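Here the structure is laid out as structure tokens; the discussion comes afterwards.
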Amino acid sequence: MRRRHAGFTMIEMVVAMALLGAMVVLLYSGLAFGLRGWDAADVNGRRTADRRIAENFVRRELGELFPMRWKDPMTLKFAFEGKKDSLRFVSVRPAGISVTGLSLVGIGIEQDPVKHTRNLVMRRAPPGDEQKDFGPLANGEPSILFENVDSVAFDYYGSENDFTDPSWIDDWTFEGRMPQLIRIRIADESRSECSLD
């Protein structure tokens with residue numbers, strides 16, 4: 001009887017290599033899928049964290065709203081402009097590190113000329129001694145609060161006088177009064193919406 005040599009035949013080697021290749025392909029595709037999922041979760045987590053930070057900052061800024069009157073002896077007019085797509089007011093927080101006192105604050109959507117996106121931006125500037133309008137805000141340094149914003153809507157809760165019931169309106173036209181509450185609704189380009197009260 002002839003003895004059989006120990007080892008693999010060519011067919012066994014080809015089958016083993018094909019199985020090993022299929023396992024490597026499956027392992028690589030599973031790993032790539034997991035990494036893509038990890039990256040997507042990381043991006044969403046960062047976006048959510050950035051949004052929460054911006055929301056808290058805006059809430060705190062609105063909590064520092066100061067009912068300053070313009071320096072005009074002929075009219076009783078508060079330094080507050082509440083429109084449906086922008087907001088201007090006076091804050092007790094200073095306009096900069098080296099500046100003390102009150103600051104003019106403006107919040108609204110602005111176009112980014114470089115990225116071609118719309119961002120919710122806050123501008124801050126110090127008022128002058130005889131300030132009569134929000135003119136200095138045009139030269140204020142912009143700070144991006146929310147990127148890639150599709151729309152923003154401001155609502156104001158209050159009334160024209162003490163004899164009418166307060167209600168929510170989208171344009172504050174009562175120059176001699178301040179709103180009791182302010183609500184901001186922000187929709188980004190993915191149509192997800194957040195609301196700040």
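Because the structure is predicted, anything quoted here is derived from the model rather than measured. Positions are given from 1 along the sequence.
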inquiry  = So which atom in Trp172 and which in Ser159 form the shortest heavy-atom distance, rounded to 0.1 Å?
reply    = CH2-N, 4.0 Å
task = Tell me whether Ile109 is reachable from Leu87 by hopping between hydrophobic residues (I, L, V, M, F, W, Y) whose side-chain heavy atoms are closer than 4.5 Å.
result = yes
message = Would you compute the distance between atom CG of Asp162 and atom CZ of Arg177 and round it to the nearest 0.5 angstrom?
response = 4.5 Å
inquiry  = Using a 6.0 Å cut-off, check whether atom CG of Leu31 has over 12 heavy atoms from anything other than its own residue.
reply    = yes
ask   = Does Leu104 belong to the same Ile/Leu/Val/Met/Phe/Trp/Tyr cluster as Val92, with side-chain heavy atoms less than 4.5 Å apart forming each link?
value = yes
inquiry  = Quick check against the 3.5 Å criterion: does Asp42 have a side-chain atom that pairs as donor or acceptor with the backbone of Trp38?
reply    = no
ask   = How many angstroms lie between atom CD of Gln111 and atom CG of Asn119, to the nearest 0.5 angstrom?
value = 8.0 Å
query = Does the pair Asp133 and Lys77 meet the rule for a salt bridge (Lys or Arg N to Asp or Glu O under 4.0 Å), with working shown?
reply = CA-CA 10 Å; Asp133 59 19; Lys77 184 176 179 183; over 6 Å; no
key: Side-chain donor-acceptor pair present, Glu147, Thr117, cut-off under 3.5 Å   = no
request  = Evaluate the criterion side chain to side chain contact (heavy atoms under 4.5 Å, CB included) for residue pair Phe80 and Phe174; output intermediate values, then yes/no.
outcome  = CA-CA 10 Å; Phe80 183 88; Phe174 314 130; over 6 Å; no
request  = Check Arg69 against Phe78 and note the closest heavy-atom contact, atom names and distance.
outcome  = NH2-CZ, 3.7 Å
Test item: Asn161 side-chain N/O and Thr164 main-chain N/O as donor-acceptor pair under 3.5 Å = yes
inquiry  = Any heavy-atom pair between the side chains of Phe89 and Ile182 that's under 4.5 Å?
reply    = no
query = How long is the span from the CG atom in Asp155 to the CG atom in Asp171, to the nearest 0.5 Å?
reply = 10.5 Å
message = Would you compute the distance between atom OG of Ser143 and atom CG of Leu120 and round it to the nearest 0.5 angstrom?
response = 11.0 Å
same_hphob_cluster(Phe57, Ile186) at 4.5 Å side-chain heavy-atom cutoff = yes
ask   = What is the ring orientation for Phe154 with Tyr156, classed by angle as parallel under 30°, tilted 30 to 60°, or perpendicular over 60°?
value = parallel
ask   = Where do Ser91 and Glu61 come nearest, in terms of heavy atoms and distance?
value = OG-OE2, 3.0 Å
message = Can you classify the ring geometry of Trp168 versus Tyr157 as parallel (below 30°), tilted (30 to 60°) or perpendicular (above 60°)?
response = tilted
Which atom of Ala125 lies closest to which atom of Leu137, heavy atoms considered = N-CD2, 3.9 Å
remark   = In this structure, CD1 of Ile144 is separated from CE of Met122 (nearest 0.5 Å) by 12.0 Å
key: From CZ (Arg60) to CD (Glu64), nearest 0.5 Å   = 8.0 Å
inquiry  = Determine whether a donor-acceptor pair (N or O, by modelled atom type, separation under 3.5 Å) exists between the side chain of Arg88 and the backbone of Gly106.
reply    = no
message = Checking side chain to side chain contact (heavy atoms under 4.5 Å, CB included) between Ile107 and each of Val152, Asp85, Leu145, Val121, which is the one that passes?
response = Leu145
